[in-house]
There are 2 protein chains.
Amino acid sequence: MDRARGALAQRSKRITIHEVAEDAGVSKTSVSRYLGEERKLLSETLQTRIEASIARLGFRPDRIASSLRGRRTRLIGMVVADITNPYTVMMMHGVETACRRLGYTLVVCNTDRDTELERKHLEVLRAYSVEGLVINTLGQERETLQQLVEEGLPIVLVDRQVEGIDVLTVGLDNRQAIRLGLDHLAECGFEEVLYVTEPLAGISSRRERVEAFETQIQARSGQLTGALLTLDGDHQDQALISRLERLLRESTAPAVFCANAPVTLRVCQALDRLGALKDIGLIAIDEQDWSALVAGGITTLAQPTDAIGEAAMTALVQGGHDGGGEPSHRVFPATLKPRGSTTARAKPMHSNA
Amino acid sequence: MDRARGALAQRSKRITIHEVAEDAGVSKTSVSRYLGEERKLLSETLQTRIEASIARLGFRPDRIASSLRGRRTRLIGMVVADITNPYTVMMMHGVETACRRLGYTLVVCNTDRDTELERKHLEVLRAYSVEGLVINTLGQERETLQQLVEEGLPIVLVDRQVEGIDVLTVGLDNRQAIRLGLDHLAECGFEEVLYVTEPLAGISSRRERVEAFETQIQARSGQLTGALLTLDGDHQDQALISRLERLLRESTAPAVFCANAPVTLRVCQALDRLGALKDIGLIAIDEQDWSALVAGGITTLAQPTDAIGEAAMTALVQGGHDGGGEPSHRVFPATLKPRGSTTARAKPMHSNA
DNA sequence: TTGTACGCGTTATCAT
DNA sequence: ATGATAACGCGTACAA
């Protein structure tokens, strides 16, 4: 009967440190000290008495009150663009692990690729006084970010940086990843590479990858030719299907280079519809559960997602002021996982020509 | 220089409602009223003056302080067993959407299938005075849960219920799902069905599915024969491989029924190693990104994950006391997505025999 | 080593 | 319709 109706219950009556103090016959201060860093300042007697009272009353400190006065919330906010992306989930996992190790609680918000939602989430996290922010941004809320930075809130950007926002960044070494991929494709004897990406839309990692692709295709002009296809927002992918069809028809040793996991899925679906999953070279950034199961095994460039997530948290806590000046941009190398989609395909085609 | 070194910064100096009140020449009370539900009690004049001051000073209310006095945190805690499970992610998505609609912020904690971690997360969420809890439990922390229930904290269990804990539950209609699956397999002409599951370990949905499978295989004894395989913790799966090999050898129309997404992945990996992905019937609970791409398309029993997530939040907010008595256990039906792994396989085998 | 007293930013209560 | 003031539960100078 004492529950609120039609809405969630208020915080119920709690045991407070005041009551513990009374029960133990000590002052609030001593109880507070027992709970915090200064426990060693207390005498044995008090410690045991307090401990007993806490247990007897079932006291649990109130983090809310604690952070109001103590100004430490022990909360870290994380904003991710797309929680259905396996990269996001695995990277979150790394952040989470580091949080646990460091005694923080992680509040995760998903923007669902909606930039307006990104702004709202950032405001809410700010309102809860998170002590730091790990952001996988959509890149459109520069002003909101800038404001947060100016307030002195520690921020780390993951996978994507934003021009003009000077904060720590952690992500993949995109040039190295593309180079590794193209080297592999060349070695396997592929000749024509179609790079498929989602719209760049101010997302730095996508842009960096495309630029690296174009630059390095240039540098291999005797060996490889390249083309670019940008998928649009609606998931019709009719353009993708036609493009792949043409590639299959016109090239003697064609390959597709997928920019990330969502692209890989769409490319595979398109190839599947063409019945051509095994008729073309395929390499993709981002390892996924099912990479080994499709198209004779998809060759991938795996990101060290756990390391990236943990590095993000570490950077956040350390503040990254290693001597001052520019904030650091930490990158991690990709690892090539060769599978059938490249290794079992090119040479026969080569001998065909 | 004013930043903390070696640790995250303290909350920086904020604009408070006190300062806004001064700036606008009104009392704190009026500002607080302006911010809350009682805005309509204020005169036009005050409203515009306060609005102006808030904008000028860039004031943002402090949710921490607000919840200390107001006893409403607007926080919902969610504890999930495995964030790498696609079911979990999609269901989270539903919870999240509902939270947004209702004005709550979601704090997600992942237990990584570690029961000790589940306990710790629950304690932390309690310490932050979340107003409600959505839990995908491992089922081992009955006492912790019971304690939370007794404190009057609203709780909803998702996918799994715990014996003796009387709280709202939302999940799949497991009997219906199994029936739908077996009907389909029978229709397609399969004769022998191997049901593969992870260890039951007190997880109600797994148990319910197995029981439904066994019961319904009984009821179809002329048509189908069944067997059960429980995967163990280590991901060696040698036993699984041998079992599948034997099934392929001995049965004329064999099929595998996968209990959930993680099982499906392991079964596919095992079949892939046997080079038999297309030589056996395959049906799985849980739709995944790649369901259509593997084994000629895996037939799935899709859960309405968004609806389940939203129902969980709705139940939480409404309190679910629809007349008193037992708390409700709401179930949602699965949807059959027939694909090649069943439709393109059985009949030819049938004619073989 | 221990206790007293005040403040964190807000909302609830009571008064006007 | 508006304001003054006391809490909320805890941390922390400062005093003892």
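Everything numeric in this text was worked out from a predicted model, so none of it was measured. Order of the sequence lines fixes the chain letters, A, B, ..., with proteins taken first and strands second; residue numbering starts at 1 for each chain.
Scanning atom types as modelled, no donor and acceptor separated by under 3.5 angstrom connect the side chain of A:Lys28 and the base of C:dT4. In the interface, the side chain of B:Arg69 is not paired with the base of C:dT10 through any donor and acceptor atom under 3.5 Å apart.
Residues of residues 16-24 of chain B that place a heavy atom closer than 4.0 Å to DNA chain C, in numerical order, are B:Thr16, B:Ile17. Near-neighbour residues of DNA chain C inside residues 34-47 of chain A, defined by a heavy atom below 4.0 Å, number-ordered: A:Leu41, A:Leu42, A:Ser43, A:Leu46.
Rounded to a whole Å, the CG atom of B:Asp62 is 13 Å from the C1' atom of D:dC8. The distance from atom CG of A:Leu68 to atom P of D:dA7 is 17 Å, rounded to the nearest whole Å. The CZ-C1' distance, from A:Arg74 to D:dG11, rounds to 14 Å in whole Å. The distance between atom CD1 of B:Ile15 and atom P of C:dT10, rounded to the nearest whole Å, is 10 Å. Remark: P of C:dG9 and OH of A:Tyr128 are 18 Å apart, rounded to the nearest angstrom. Atom CD1 in B:Ile50 sits roughly 10 Å away from atom C1' in D:dT2 (whole-Å rounding).
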Got a list of protein N/O to nucleotides 13-16 of chain D N/O distances below 3.5 Å?
none

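Among the atoms of the strands shown, only primed sugar atoms or phosphate atoms (P, OP1, OP2) are found under 4.0 Å from some heavy atom of B:Val26. Backbone-only contact: B:Ser30 has heavy atoms under 4.0 Å from sugar-phosphate atoms and none from a base.
A salt bridge links B:Glu116 with B:Arg119: the closest approach of a Lys/Arg side-chain nitrogen to an acidic carboxylate oxygen falls below 4.0 angstrom.
Formation of a donor-acceptor pair under 3.5 Å by the B:Asp82 side chain with backbone atoms of B:Arg113 is not found in this model. B:His93 places no side-chain N or O within donor-acceptor distance of the main-chain N or O of B:Asp306, the cut-off being under 3.5 Å. Checked by atom type and distance alone, the side chain of B:Gln47 pairs as donor or acceptor with a backbone atom of B:Leu42 at under 3.5 Å.
In the set C:dG3, D:dG11, D:dG3, the nucleotide with an atom closest to the side chain of B:Ser27 is D:dG3. Picking from D:dG3, C:dG9, C:dT11 the nucleotide with the shortest atom distance to the side chain of B:Ala65 gives C:dG9.
Overall bending of the helix from C:dT1-D:dA16 to C:dT16-D:dA1, expressed as the angle between end axes built from five pairs apiece, is 40° (10° steps).
Identified under the salt bridge (Lys or Arg N to Asp or Glu O under 4.0 Å) test for residues 37-57 of chain B, with sequence neighbours left out: B:Asp23-B:Arg56. Among residues at least two apart or in separate chains, salt bridge (Lys or Arg N to Asp or Glu O under 4.0 Å) pairs with a member in residues 156-165 of chain A are A:Asp159-A:Arg209.
A:Leu102 CG to A:Thr314 OG1: the interatomic distance, rounded to the nearest 0.5 Å, is 6.5 Å. Distance CG/B:Leu125 to CG/B:Leu75: 8.5 Å, rounded to 0.5 Å. Here the straight-line distance linking atom OH of B:Tyr128 with atom CD1 of A:Ile64 works out to 8.0 Å at 0.5 Å rounding. Annotation: the span from B:Glu118 atom CD to B:Thr137 atom OG1 amounts to 3.5 Å, rounded to 0.5 Å. Between B:Ile17 atom CD1 and B:Ser27 atom OG the span is 8.5 Å, to the nearest 0.5 Å. Annotation: the span from A:Glu150 atom CD to A:Leu148 atom CG amounts to 10.0 Å, rounded to 0.5 Å.
B:Gln147 and B:Glu143 share no side-chain donor-acceptor pair at under 3.5 Å.
Checked options B:Gln140, B:Gln146, B:Glu141; the residue passing with B:Thr144 is B:Glu141 (criterion: side chain to side chain donor-acceptor pair (under 3.5 Å)).
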